[in-house]
Amino acid sequence: MRVVITGAAGFVASGVADAIANDLNCLGAPITDLVLADISSGTTKGRWITGDLSDPTHIAELLAEPIDVFLHLASLPGGMAETNPALGRAVNLTASLALMGGLAQQCRDNGPKARVVFASSIAAMGALGPHTVDETHPAAPNSSYGAHKQMIEIHIADLSRRKEIDGISLRLPGIVARPFGASGFGSAFMSDLFHAAAAAKPYSCPVSQAATIWWMSRVISIDNILHAARLDTAILNPDRMVLLPALFASMNDVMEGLADHYGTTAVSRISFSPDPKIEALFGSYPLINNATALGYDFRMDVDVATLIKNTGI
């Protein structure tokens with residue numbers, strides 16, 4: 001089995017790459033070629049192919065041989081995509097279309113179709129109202145990043161309908177805890193809060209304690225991506241999209257959990273200075289109905305204590 005991972009040096013993708021490299025049978029068949037693609041190589045054992053996804057020659061190199069499983073986890077973060085729309089379009093849309101088109105061509109030329117797992121985002125849903133949300137909520141992205149994610153979801157569903165790939169799009173929520181001060185992520189405060197509590201350092205959070213957010217640990221996100229690569233996609237709806245099960249919790253809930261875990265002194269230097277724009281984008285999520293994704297055996301952090309434990313800080 002030949003497996004390709006894009007963005008393989010990234011926060012989530014590097015964990016996926018490590019999990020596969022440590023168990024070459026984890027996707028149900030022996031993996032004989034693990035191809036890891038990113039701008040620069042990481043530490044995972046595999047065959048690294050470095051390059052820029054905005055470069056067609058790099059895409060051609062990735063598609064030079066037939067692929068069994070393609071984990072498309074690379075993207076330009078939402079904040080960076082909004083400030084540099086040309087680069088965001090090149091990486092998140094144009095390159096993704098080229099990759100999916102190339103995989104479909106491989107099927108037309110060689111017969112077998114690749115399993116494709118695409119790291120989409122809840123950003124495709126846009127602003128959400130006060131009512132409980134599930135996967136049937138219509139997409140209404142309010143950022144270029146979210147719009148491009150939705151476009152690729154649609155393309156993957158169409159190519160799957162044509163039986164040219166076997167795709168699944170995962171709408172991921174905010175993943176914690178990224179390295180402190182991770183650039184380009186509007187939701188970086190979610191991770192920075194954990195680092196500040198663990199180090200007992202001052203931190204000014206840009207949302208209020210009343211902010212409500214969907215959370216997922218890196219450990220759970222890795223498990224869910226690997227599960228998607230093995231899942232019987234015949235059970236999916238035609239849109240081939242799964243809204244992954246996320247923990248709904250307020251900042252106050254998380255602060256209480258951090259105090260229980262690290263001690264009240266450790267969190268006493270954390271303050272809140274809400275930025276209305278950030279709160280509107282990342283701190284006003286409604287309740288989420290996780291029933292469908294849990295029915296597909298995807299996993300979630302079941303409570304705040306589990307979320308904190310799973311961050312491993």
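Residues I59 and T57 form no side-chain contact, since every pair of their non-hydrogen atoms from C-beta on lies 4.5 Å or further apart. Residues L258 and I308 are in side-chain contact: their nearest non-hydrogen atoms beyond the backbone lie under 4.5 Å apart. No side-chain heavy atom of V3 sits under 4.5 Å from any side-chain heavy atom of D68. Here the side chains of T6 and F70 are in contact, with some heavy-atom distance below 4.5 Å. For the pair F11/P179, a side-chain contact is recorded, criterion being any heavy-atom separation below 4.5 Å from C-beta on. I5 has its side chain within reach of L34: a pair of non-hydrogen atoms, C-beta onward, lies under 4.5 Å apart. F189 is listed as a side-chain neighbour of I213, based on a closest heavy-atom distance under 4.5 Å. Taking the side chain as every heavy atom from C-beta outward, S208 and F272 never approach each other to under 4.5 Å.
With rounding to the nearest 0.5 Å, the separation of CG in D38 from CD1 in I49 is 12.0 Å. Between atom CG of residue L226 and atom CD1 of residue I20 there is a gap of 5.5 Å, rounded to the nearest 0.5 Å. Once rounded to the nearest 0.5 Å, the distance linking CG of L103 with CG of L159 reads 9.0 Å. Put simply, CD1 on I313 and NE2 on H261 are 9.0 Å apart, with the number rounded to the nearest 0.5 Å. T132 OG1 to L287 CG: the interatomic distance, rounded to the nearest 0.5 Å, is 4.5 Å. From I156, atom CD1 reaches atom CZ of R161 across 14.5 Å, with rounding to the nearest 0.5 Å.
Partner of R299 under the side-chain contact (heavy atoms from CB on, under 4.5 Å) criterion, chosen from L294, L244, N224: N224.
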#### Entry: I31 vs N25, side chain to side chain contact (heavy atoms under 4.5 Å, CB included): CA-CA, chis, key distance, verdict
CA-CA 6 Å; I31 296 168; N25 293 296; over 6 Å; no
### Message
Apply side chain to side chain contact (heavy atoms under 4.5 Å, CB included) to residues L172 and I122 and explain how you reach the verdict.
### Response
CA-CA 6 Å; L172 289 147; I122 58 174; over 6 Å; no
### Query
Between E135 and T292, does a side-chain hydrogen bond (donor to acceptor under 3.5 Å, both in side chains) hold up when you go through it step by step?
CA-CA 8 Å; E135 71 284 348; T292 298; 2.9 Å; yes
### Query
What do the steps show when you test M1 against V69 for side chain to side chain contact (heavy atoms under 4.5 Å, CB included), and what is the final call?
CA-CA 8 Å; M1 177 187 289; V69 177; 3.9 Å; yes
### Task
Verify side-chain hydrogen bond (donor to acceptor under 3.5 Å, both in side chains) between H72 and S96, making sure each step is shown before the conclusion.
CA-CA 8 Å; H72 186 29; S96 296; 2.8 Å; yes
### Task
Begin with the C-alpha distance, continue with both residues' side-chain angles, and end with the deciding distance and a verdict on side chain to side chain contact (heavy atoms under 4.5 Å, CB included) for S169 and K149.
CA-CA 9 Å; S169 297; K149 291 293 189 182; over 6 Å; no
### side-chain hydrogen bond (donor to acceptor under 3.5 Å, both in side chains) between S250 and N252, intermediate numbers included
CA-CA 5 Å; S250 69; N252 189 59; 5.0 Å; no
### Message
Could you walk me through whether E153 and R240 satisfy the salt bridge (charged side-chain N to carboxylate O under 4.0 Å, His left out) test, starting with their C-alpha distance in whole Å, then the side-chain angles of each, then the deciding distance to 0.1 Å, before giving a yes or no?
### Response
CA-CA 8 Å; E153 288 180 3; R240 294 295 185 106; over 6 Å; no
### CA sep, side-chain torsions, deciding dist, call: D18, K45, salt bridge (charged side-chain N to carboxylate O under 4.0 Å, His left out)
CA-CA 8 Å; D18 286 342; K45 292 181 180 179; over 6 Å; no
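Within a 6.0 Å sphere centred on CZ of R47, other residues, nucleotides and ligands contribute more than 12 heavy atoms.
Of the possible polar contacts, one joining the Q106 side chain to the I67 backbone as a donor-acceptor pair under 3.5 Å is found. In this structure a side-chain-to-backbone donor-acceptor pair under 3.5 Å is present from H227 to Y296. Between the side chain of D301 and the backbone N or O of S217 there is at least one donor-acceptor pair closer than 3.5 Å. Panel note: side chain D253, backbone A249; no donor-acceptor pair is recorded below 3.5 Å. Of the possible polar contacts, none joining the R171 side chain to the M241 backbone as a donor-acceptor pair under 3.5 Å is found. Judged by distance alone, the side chain of D192 and the main-chain N or O of F180 form no donor-acceptor pair under 3.5 Å. Of the possible donor and acceptor atoms, one in the side chain of R115 sits under 3.5 Å from a partner among the backbone N and O of L231. Between the side chain of N237 and the backbone N or O of D239, no donor-acceptor pair lies under 3.5 Å. A donor-acceptor pair is defined here as one N or O able to donate and one able to accept, closer than 3.5 Å; such a pair exists between the side chain of S121 and the backbone of A123. D275 places a side-chain N or O within donor-acceptor distance of the main-chain N or O of K277, the cut-off being under 3.5 Å.
The residues R108 and E164 are annotated as salt-bridged, a charged nitrogen and a carboxylate oxygen being separated by less than 4.0 angstrom.
Using cut-offs of 30° and 60° on the angle between ring planes, the pair Y285 and W214 is tilted.
The heavy-atom pair separating A177 from T311 by the smallest distance is N-CG2, 4.1 Å. Scanning all heavy atoms of the two residues, the minimum distance from P286 to H131 falls at CB-O, 3.2 Å. For K163 against K113, the heavy-atom pair with the smallest separation is O-CD, 3.5 Å. Closest heavy-atom contact between I222 and G15: CD1-CA, 3.5 Å. Scanning all heavy atoms of the two residues, the minimum distance from M216 to L307 falls at C-CD1, 3.9 Å. In terms of heavy atoms, A124 sits closest to P141 at O-CD, 3.3 Å.
Note on M251 and V176: same hydrophobic cluster, where clusters join Ile, Leu, Val, Met, Phe, Trp and Tyr whose side-chain heavy atoms are under 4.5 Å apart, directly or indirectly. Transitive grouping of hydrophobic side chains (ILVMFWY, heavy atoms separated by less than 4.5 Å) keeps L24 and V4 in distinct clusters. Note on L73: it clusters hydrophobically with V242, by side-chain heavy-atom contacts below 4.5 Å among ILVMFWY residues. Cluster membership for I278 and M255, using ILVMFWY side-chain heavy atoms within less than 4.5 angstrom, is shared. L193 and V304 fall within a single hydrophobic cluster, where Ile, Leu, Val, Met, Phe, Trp and Tyr are joined by side-chain heavy atoms under 4.5 Å apart, directly or via other members.
A donor atom on one side chain and an acceptor atom on the other are not found under 3.5 Å apart for T50 and S41.
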